[in-house]
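Computed from a prediction, not measured in an experiment: that's the story for all the values here. Here is how names work: the chains are called A, B, and so on, in the same order as the sequence lines, proteins then strands, and each is numbered from 1.
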Amino acid sequence: MEEIADQFRLRVYEVVAQIPRGRVMTYGQIAALCGSPRAARIVGGVAHFGDPDLPWQRVVKKDVSLAEGYPGGITGHQRQLEAEGVAMVQGKVNMAVHAWKPSP
DNA sequence: CGAGTGACCGCAA
DNA sequence: ATTGCGGCCACTC
């Protein structure tokens, strides 16, 4: 089961794909889970050039604010999160409710 | 193969 | 509290 590819980006795919509905995660958190806590930018780069079918909308910045490169802008991104069941206030996600920790 | 760059993060003024 | 700057790592051209 650990025979996944060595590529950092493929690990990001696994993590993002495992984020359940109604939960959000930060780029830095995902990067840390992938083995590089300082590669948060890479997660964003992978998000842009990676698999468009993955729920990148559940991935937010550490300030729980939304990314700017998302198609449609913050507005489109925010609307997608609400469609997932994530309540937002002033463009911010309630981490106390939606903060998710990956399963071991 | 080399260089540039980014859907970021952390700190300093 | 806000604003600006650098650094970092992996991906794309």
Side-chain angles (χ1 to χ4, degrees):
Chain A
M1 329 225 287
E2 307 346 306
E3 318 239 6
I4 60 177
D6 302 278
Q7 295 280 15
F8 184 90
R9 88 156 152 164
L10 293 184
R11 293 185 219 195
V12 176
Y13 287 138
E14 291 294 309
V15 176
V16 176
Q18 286 162 49
I19 300 178
R21 173 173 170 275
R23 295 288 193 274
V24 290
M25 214 168 156
T26 67
Y27 288 97
Q29 184 65 41
I30 294 170
L33 292 173
C34 289
S36 294
R38 309 215 161 158
R41 319 185 68 166
I42 318 306
V43 179
V46 170
H48 187 71
F49 290 98
D51 190 330
D53 288 321
L54 288 174
W56 300 109
Q57 47 230 56
R58 294 173 188 159
V59 186
V60 298
K61 302 201 239 177
K62 209 169 174 192
D63 333 8
V64 293
S65 61
L66 305 180
E68 299 194 356
Y70 193 84
I74 312 294
T75 308
H77 193 164
Q78 179 175 351
R79 184 158 85 204
Q80 290 289 21
L81 284 172
E82 292 190 317
E84 296 282 318
V86 178
M88 302 187 59
V89 179
Q90 297 179 343
K92 309 259 177 150
V93 184
N94 188 348
M95 272 305 225
V97 180
H98 299 297
W100 178 69
K101 188 180 177 56
S103 95

Please convert DNA chain C into dot-bracket. A pair counts if it is Watson-Crick or G-U wobble with both distances under 3.5 Å; crossing pairs go in [ ] and bases paired with another strand get |. .||||||.|||||
Nucleotide-resolved protein contact map, nucleotides 8-13 of chain C, B/S/- at heavy-atom distance under 4.0 Å: BBBSS-
Verify side-chain contact (heavy atoms from CB on, under 4.5 Å) between W56(A) and V46(A), making sure each step is shown before the conclusion. CA-CA 10 Å; W56(A) 300 109; V46(A) 170; 4.0 Å; yes
Taking atom CD of Q18(A) as the centre, report whether more than 12 heavy atoms of other residues, nucleotides or ligands fall under 6.0 Å from it.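 Enclosed: over 12 neighbouring heavy atoms sit under 6.0 Å from CD of Q18(A).
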Please tell me whether M25(A) and V16(A) are part of a single hydrophobic cluster in this structure, the criterion being side-chain heavy atoms less than 4.5 Å apart. yes
Side chain of D51(A), backbone of D53(A): donor and acceptor closer than 3.5 Å?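 A pair under 3.5 Å: yes.
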So, R23(A) side chain and W100(A) main chain: donor-acceptor pair closer than 3.5 Å or not?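 Between the backbone of W100(A) and the side chain of R23(A) there is no qualifying donor-acceptor contact (under 3.5 Å).
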Looking at residues 54-88 of chain A, who's got a heavy atom less than 4.0 Å off DNA chain B?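 Those residues whose heavy atoms fall under 4.0 Å from DNA chain B, taken from residues 54-88 of chain A in numerical order, are W56(A), K61(A), K62(A), A67(A), G69(A), Y70(A).
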Atom pair NZ (K62(A)) and OH (Y27(A)), whose distance is rounded to the nearest 0.5 Å: 14.5 Å
One should read off an interatomic distance between L66(A) CG and T75(A) OG1, to the nearest 0.5 angstrom, of 9.5 Å
What heavy-atom pair brings A39(A) and F8(A) nearest, and what distance separates the two atoms?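 Looks like CB-CZ, 3.9 Å.
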Partner of Y70(A) under side-chain hydrogen bond (donor to acceptor under 3.5 Å, both in side chains), chosen from Q78(A), Q57(A), H77(A), H48(A):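 Option passing the side-chain hydrogen bond (donor to acceptor under 3.5 Å, both in side chains) with Y70(A): Q57(A).
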Kindly indicate whether the side chain of V15(A), heavy atoms from C-beta on, has any atom under 4.5 Å from the side chain of Q29(A). no
